[in-house]
Each structure stands twice: as structure tokens, then as C-alpha cells.
2 protein chains.
Amino acid sequence: MTIRVMLVGLGPIGCGIAAQLAARAGFEIVAAVDIDAAKAGRDLGDVAELGRTLGVAIARDPVEAARASAPHVAVSCTGSSLEQVTPELEGLLGLRLPVVSTTEELSYPWHAHAELARRIDAAAKAAGVAIVGTGVNPGFAMDALPIALTAICERVDAVRVERLQDARIRRVPFQRKIGAGLTPAEFAERVAAGTVRHVGLAESVAMIADALGWTLDRITDEIRPKIADAPVASEAVSVAAGQVSGIVQDGVGFVAGRPAIELHMEAYLGSPETRDTVHITGTPNLHVEADGGYHGDVATHSITVNTIPKVLAATPGLHTMRTLALPSFAGAP
Amino acid sequence: MTIRVMLVGLGPIGCGIAAQLAARAGFEIVAAVDIDAAKAGRDLGDVAELGRTLGVAIARDPVEAARASAPHVAVSCTGSSLEQVTPELEGLLGLRLPVVSTTEELSYPWHAHAELARRIDAAAKAAGVAIVGTGVNPGFAMDALPIALTAICERVDAVRVERLQDARIRRVPFQRKIGAGLTPAEFAERVAAGTVRHVGLAESVAMIADALGWTLDRITDEIRPKIADAPVASEAVSVAAGQVSGIVQDGVGFVAGRPAIELHMEAYLGSPETRDTVHITGTPNLHVEADGGYHGDVATHSITVNTIPKVLAATPGLHTMRTLALPSFAGAP
């Protein structure tokens, strides 16, 4: 069976997912939706710069597009904020469409957005379909993977995950999102405005805590700039010494006053290391490292596509990566 | 809720699991069963050498023990051969008990033992309970973990897993099982007799292939001795130069004549490295290494205990680690 997919949201992530879906066996893009009037009516292959047309004209209304194309599933990539995307997700669920979303705050919404989570869960159950938020981070590198590693532990005392990356390997919008090229003052302003930040550390901390049966006192999520010692540049962004080359962000979950879950991210132009490391303190201690890391763009597009069959097979309701079957590549059926 | 567990099989693995269950919050051992007449009537704490009694006398008949103790789940650790343990598993399922088993051939039985798998699946469905085979290997290090890593891949061309361990850190029965201390001729005899081997590589290869949607031409599983260059010894076993210090075993799955899945194990006294490494060739390439490896004994006991709540929550039938929810440490409820 070929899985018929409607794509909603054609920013960089949606376009990356479109490229994979168009190339991979077992999937067919039958509809594509974006609110940008400049994209309306254009072919998805052009907008996603695939080098060929796909015969899918971009629509503005997901309800009409779904009714015209009979998709099996919707993939939504329209924003990080659960509050902002909830009406859209409810609309998709109202069409009885299972949903895979890259909305970071949907990856584990039961703590920070419990009321929205209940609404979405109820809508999914009423529709008889499953919905999940996923991605590489949140969704895998700093939550699902370390959680899976704890399965071989007799005891877990602390979890520390480090995600270090040279942002020069990432897409330009990501480089902007981490503040590369800003002055320290501009960086501070944008952090205050919420436009420079990685979204999802608090969700990942909560997911790990729940998996381990831990009750957290509190979760902190702190951002600071990485200041360039020397000039550094990517193809698109130049950073002078003293300017910001990227972000350092720490999400911490405290148990009885102790920082029991520590998620440490560094993403900046010129990082000498790109790696993902999980340290579990317990019995046994574990130290698991991915040399070269999990590439944020490819990995997010991939896990979103790979999660589609899992959601189609899941029980109705709001899922997380904890409740779906074991993650895996989705081979052709 | 405390989960009431009946343990069946009190060899080294069953006793290790007993030690964890007795120490961990959320679990209570309510019955223990072994066919060994010398253990009958003794306290489980004595037999498992826990340094204290548990108030659980070892029974010989699982049906009677279950009826007297009302367990929520059975943990079975009675053998590697699915053919040999199937009658016992059917008996437990007949009592409507969910089952977690360390029988290696149950970890992914749909290829080598499809008829037995169907029987067990039918018995579990008729009883309305779930059953799964798990452990660190098979069950995690060479199958579930590499499968989970493929979730962030756009394309997978090959999977290679290496599991290297200095067997001096393992329990003595394991050291004997890998042939440490034998002459090369004795090793060859025991391989031919099937008493020296790791069970599960073919199961892990099949599990990976199915997760990726690959059709295999064939699976090979080859064993050779590691010959000591110089004398080496553990606390219990001494190996002279020229004798066998352990085992090297390769399970390979071929796709269109190509070795697409390679599982390489080395376990011998004096191995200079103890590590578990997953190499995925694809987009992206992944190289994930656990420095120090996943300790075979602790990890198997742990994942068996940690899988109990997953099986209690699963749909009825025969599961594998692919179909259960994400593996994790089982915190106290």
C-alpha cells in the first residue's frame, strides 16, 4: 500500500519532508497546503526546489485540500507553539486524519500545555485516529534515545545528554535561529522576545522524568550566547570576534533539589566538535556517543516520515514517542 | 500498584532477576518455580544468594504456584530453545498470565520458528494477554537499539553492529558457554553439539530486516574460536596459550547477495576492548558507540524487569521489542 500524505506547512522543514516523501518508496504526496499567498497554486516541486514538478498545486485551505485528495495522513510543520497550531491540528483531526507534527511543544505536551494536550487527545479519540509530535530534538536525540538506553539499567540516578554541533553544517534559517552574527545585546533582546531559542528542552526533560517515574520539583531552561573568540563564517553568515556565533542552552530537571536530568546543547559556527552523547549515571553507568552527531535537518525530516506508519498503526489519541512502537526507518511496505 | 511476579526458572539469569525484583520498588515476587528437585521448598532468597530470605518457597509446578499466589505476570528464564519452552509458555498463558521470557529464540521467532510463534500468539490472544522475549542480546544491543537509530535515517544501505567484550567481567557460566579453557578440538566438538554458541544472532538479523522492510536471501551464523596468544585467566578459568579464550561469532543477513546486515560478536577472556558499536551506512551515516559496552548480565536482568510494565500494557498476543512501546527503565508506579 502507498501511503497518501497531505503536507501542511512548507517552510524549510516541510520542504525537506516533501523532498523525502517524493523520493521514498511507499509514500505519495497527494496535497500540500501553506498559508503564504505567494505559494498558492504553485507546484510543490518548484516551491520545495526539487528540480521537478510533482503535479501537486499548493492549496491554502487544508479542509478543502483534504476533501479533494483523500489523504491517509497529514504531516504538519507549521510552528513550534502548540497554542498557535492547536486550531489547525483540531481541524485536521476533525477530518479523521491521523497527524504527524513537527511542533516541538507537541512532542511532550502533558506538563507545560496539559489543557491543550487534553483537547487534542479528546479530538483524536473522537476522530478515531492517532496524533504525535516528533523530530530529532525534541523527539529523539535528547529524549527517546536516552530513555531507550535506560531500559538496560537496574537503577538510574541521573541522565545527562550533550548535543554539540558546528552550525556551519546546518541550513541557514537554523544559523539565524541560534543568533549567529548578532551582537551580544541583540542576542539578549531576541532571547527576551523568544525569537532566539531552541524549543523543546523542557518537553524532553519532562518526557525523561515521566519515563523514569521521577517527580520533578522544577524544570529550568537557560540560554546564553556563544561569543566568537576569532572571526568565523558559514557560507551565509559572517561573525566577527566578540559577536555571537551561536547558542548554548541548558534544560535541567530537578529531583529533590538535585539536577537529575541535564540536557546541554551547543550549536554555533565553528564548534570544534559535532557529537551527541548520552551519559546515564546508575547501574550500569552508560556512555553512548554518536561521533558526528545526529544531523538536525536530515534527522528531523527522516523521523517525521518514518513515524507516519507508526501513527497509522497506533491506537486513537495523542501519542508521544514514548507510547508509539519502537522507532525505526520506514521501509517500503 | 505493586506488580506481583511469578519467576519460573532459577538458573543464573532467573536468580539475577530475582535479586533485582526483590530490591526494586514497584515489584513483589509472589512465587518462584524451578524443576530442580534440590531447590524445591527452599527459600528463593537462599537459592538466589540474596543474603536474606524472601518468604517465597520454591515450587516445582507453575500451575499450582500461580493458583496459590495470584501473580500479575510470569517471568520465564528456563532455556534458549523455543521448542523446549513452548509447552511451559502455553501453560502460563493458559493461566491468563502475561509473560516476559528470556528465551533467546522467542525474541523474534517469526522466521526460524514461525509455527511455534503462531501457536504462542494464538494462545496469548485466546488468554487476552501479551507475551514477549527480551534480553540485552537478543532484545536490545544488536537489534532494538540499531533499529531505533534508523528512525533518523532517510535511507539505510547497511547495518553493522559490533559487540566486543572481555569475558572476565561476565559470570562464570557465561565464560564456560563461550568455550574459555577448551582446546580447539573440544571447542569444535561443542560447537557441533550446539553447546558452545551464542543464541540469537539469526533472530536479531531477521528483526532488523523486517524493521527496514528488507527481504533477505539467507541468514548465516558462523562461530569460530578465539585462540589465546598468551596465557590468560579469569578468577575461575585459566587458558594456556594455544587454547580457546572465547568465541567470535558472526550473524549475517544477505540482500540480493550482499551482506547488508552484519552482527559481529567477540567475547573472550582478555579482550582489550569492551564496547558496543552500531554503524549504519545510509543517509546520514551513523556511528554510535557505547564505551565499556552494555554489560550482558546486568543488562539482561534489567531489561527483563523493565519490560514487565510494557507487557502488562500491551495488546494481547505475541510481541517483540519492535511492537512494544519505547523501551525504558521501569520506575516505581
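Order of the sequence lines fixes the chain letters, A, B, ..., with proteins taken first and strands second; residue numbering starts at 1 for each chain.
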Is [X] in contact with chain A via its backbone, its side chain, both, or neither, using a 4.5 Å heavy-atom distance?
X	value
B:T323	backbone
B:I208	neither
B:R275	neither

Working to the nearest 0.5 Å, report the span between [atom1] of [X] and [atom2] of [Y].
X	Y	atom1	atom2	result
B:S328	A:D210	OG	CG	10.5 Å
B:I152	A:F140	CD1	CZ	4.5 Å
B:E154	A:R24	CD	CZ	7.0 Å
A:D291	B:N285	CG	CG	11.5 Å
A:C153	B:Q20	SG	CD	9.5 Å
B:L326	A:L326	CG	CG	7.0 Å

Using a heavy-atom cutoff of under 4.5 Å, enumerate the residues of residues 301-312 of chain A that contact chain B, numbered in order, or state 'none'.
->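 Heavy-atom contacts from residues 301-312 of chain A to chain B are A:S302, A:I303, A:N306.
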
What residue, out of A:P327, A:A141, A:P146, A:G282, has the most heavy-atom pairs lying under 4.5 Å from chain B?
->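 Of A:P327, A:A141, A:P146, A:G282, A:P327 has the most heavy-atom pairs under 4.5 Å with chain B.
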
Chain B interface, residue from A:E289, A:R322, A:R155 that has the most non-hydrogen pairs under 4.5 Å =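 The option with the most such pairs is A:E289.
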
Go through [options] and name the one with the most non-hydrogen pairs under 4.5 angstrom from chain A.
options	result
B:A330, B:G213, B:A325, B:A313	B:A325
B:T277, B:L324, B:T315	B:L324
B:A144, B:P284, B:G292, B:G135	B:A144

Verify side-chain contact (heavy atoms from CB on, under 4.5 Å) between A:L145 and B:L145, making sure each step is shown before the conclusion.
-> CA-CA 9 Å; A:L145 180 63; B:L145 179 63; 3.9 Å; yes

Minimal non-hydrogen separation, A:G293 against B:L286, with atom names |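 That closest heavy-atom pairing would be O-CD2, 4.3 Å.
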
Only one of A:V159, A:T150, A:I280, A:L149 passes side-chain contact (heavy atoms from CB on, under 4.5 Å) with B:F329; say which it is.
->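 Running side-chain contact (heavy atoms from CB on, under 4.5 Å) over A:V159, A:T150, A:I280, A:L149 with B:F329 returns exactly one hit, A:T150.
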
By a 4.5 Å heavy-atom criterion (distance strictly below it), what part of A:L212 contacts chain B: side chain, backbone, both, or neither?
->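 Both backbone and side chain.
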
Residue part contacting chain B, namely of A:I147, when any heavy atom lies under 4.5 Å =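 A:I147 touches chain B through backbone and side-chain heavy atoms alike.
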
